[in-house]
Amino acid sequence: MITPRQLSLLPFEKLVGHPLLTSFTRKNGSISSQRSQMLSRRSASDELRFLDEDYYKEAASNFNAYEPGLWLPTLRLNVSFFMIWPFLLITICSTILTYAMVEVVPEAAQHITIPKDAHITLGSVLGFLLVFRTNSSYARWWEARCVWSLIIDTCRSLCILVTTSLRDGDDTRARFLCQLMGVVVTFKNFLRDEPTVPEELGKLLDWTQMKKLNGAASPPVAALHTLGEIVRLGLDDAHEVLQASTVAGAFDGIQVLINSVGVCERIKNTPLTFGYISTLRTFLIMWVLAFPLAFADMCGGWVWEAPAVTAAVAFMMLNLEAMSIEIEGPFGDDPNDLPIEEYCLGLETILLEFYPADGLQKRVDGEAAAQASDARHGTGDARLRHLATHQSPEYVSLWERDARTSSGE
């Protein structure tokens, strides 16, 4: 029998049609075909996600992220609409007052001042109020961050606890994981007073079910109710002791999530006391407007530098107040709010690892059937695509009927 080395030494005209070469080519061709099919199947599985990755990554890119050890990326001036009108008011008033004292009535300028020591003392009191305001806002931001950490940790615990106890052989695990991811998505949108939209969902989440949750008074609570029903009905009846402990642990986790909804609602719907905010802002505007008078006493007379220095001090004070407003409501999409999209993507990565392989294959087959449906019925038939992707009995009957029609039966 000729060896592969001897085969490599043969002339080209003798290689053509040689049995060993033909066998080798067929074998490698079969391996390549199997490998390409496996890679194609893996690629289709990788596309099956709970969330639309591009949608969430684009949303997450709008939040501030920085490296604490670097200076230049953190040097920036933030201007919000909240700051514009008080900043312009203070700058214009200080400029007009300085012009009057320097150009119009310079003889009265020395009498229109306030002692710098008195202004500094009042500024110390104002600084205390600003520190308390900033600390109160940050405390709300940090509490919200701790609650979301608890939500993600609880979802991970539920995933591990429940998926190991659900029945085999049906789609209960897949439904549970989809519903668990749906809880977090509806929770995020509920805190932002936004409905869940199909653009943010991946192919594993059922838009019909998510659309129903949009109509609930509290979508995350409604989603948690459905999650509890899946756990209660999907446990393996053959292990009563395990079933009892799993139900207890699962409903403890669901209770933690319900409590987290309440904590987030309290943070969202309870602003700081109006009296405190009113006193702080009134005192802040009056103190900054009086700054040119103290600056004149400090310099021994009115100078044209007063408006510029006043504007700089006003910008700093107003920027602190604007930052406090932004972080006291941490569930929005402002740059300094919580990057909830990143938390959702992190949880999705873990849940996908526990998603049953047969469930992924079922969705892959469903997606292939949906593409075939597009080719047969046209891409505009969204109903057939949805039914095909989820492999519903209604789609199977439609497909079989269409096959019989095409074959002339």
Within 45° of the six-membered ring axis of Phe190 and under 6.0 Å from that ring's centre, is NZ or CZ of Lys268 located there? yes

Going by the angle between their ring planes, with limits at 30° and 60°, are Phe315 and Phe87 parallel, tilted or perpendicular? perpendicular

Is it true that a side-chain atom of Thr134 and a backbone atom of Val131 form a donor plus acceptor pair closer than 3.5 Å? no

Please report the interatomic distance CG(Leu293) to NZ(Lys116), rounded to the nearest 0.5 Å. 15.0 Å

Report yes or no: does Gln179 contribute a side-chain atom to a donor-acceptor pair with the main-chain N or O of Ala223 at less than 3.5 Å? yes

Chi angles and distances behind the salt bridge (charged side-chain N to carboxylate O under 4.0 Å, His left out) call for Asp54, Lys57: CA-CA 5 Å; Asp54 294 335; Lys57 284 188 175 181; over 6 Å; no

Any donor and acceptor pair, going by atom type alone, linking the side chain of Asp334 with main-chain N or O of Asn336 inside 3.5 Å? no

Tell me, with the steps shown, if Phe132 and Ser136 meet side-chain contact (heavy atoms from CB on, under 4.5 Å). CA-CA 6 Å; Phe132 180 80; Ser136 298; 3.7 Å; yes

If we only count heavy atoms from C-beta on, is the Leu280 to Leu130 side-chain gap below 4.5 Å? yes

Pi-cation contact, Tyr343 with Arg145 (under 6.0 Å, within 45°): yes

Ser94 side chain to Thr91 backbone, donor-acceptor under 3.5 Å: yes

Can any side-chain N or O of Glu200 pair as donor or acceptor with the backbone N or O of Val197 at less than 3.5 Å? yes

So which heavy atom on Ile267 is nearest to which on Ala144, and how close? CD1-N, 3.8 Å

Okay, side chain of Thr164, backbone of Leu161: is any donor-acceptor separation there less than 3.5 Å? yes

Using every non-hydrogen atom in the two residues, find where Ile327 and Trp141 come nearest and quote the distance to one decimal. O-CB, 3.6 Å

Output, in order, the C-alpha distance, side-chain angles, deciding distance and verdict of salt bridge (charged side-chain N to carboxylate O under 4.0 Å, His left out) for Glu328 and Arg133. CA-CA 10 Å; Glu328 75 174 355; Arg133 166 82 162 112; 3.0 Å; yes

Just how far is it from atom CD of Glu305 to atom OG1 of Thr310, taken to the nearest 0.5 Å? 11.0 Å

Aromatic ring proximity Tyr99/Trp302, centre distance under 6.0 Å: no

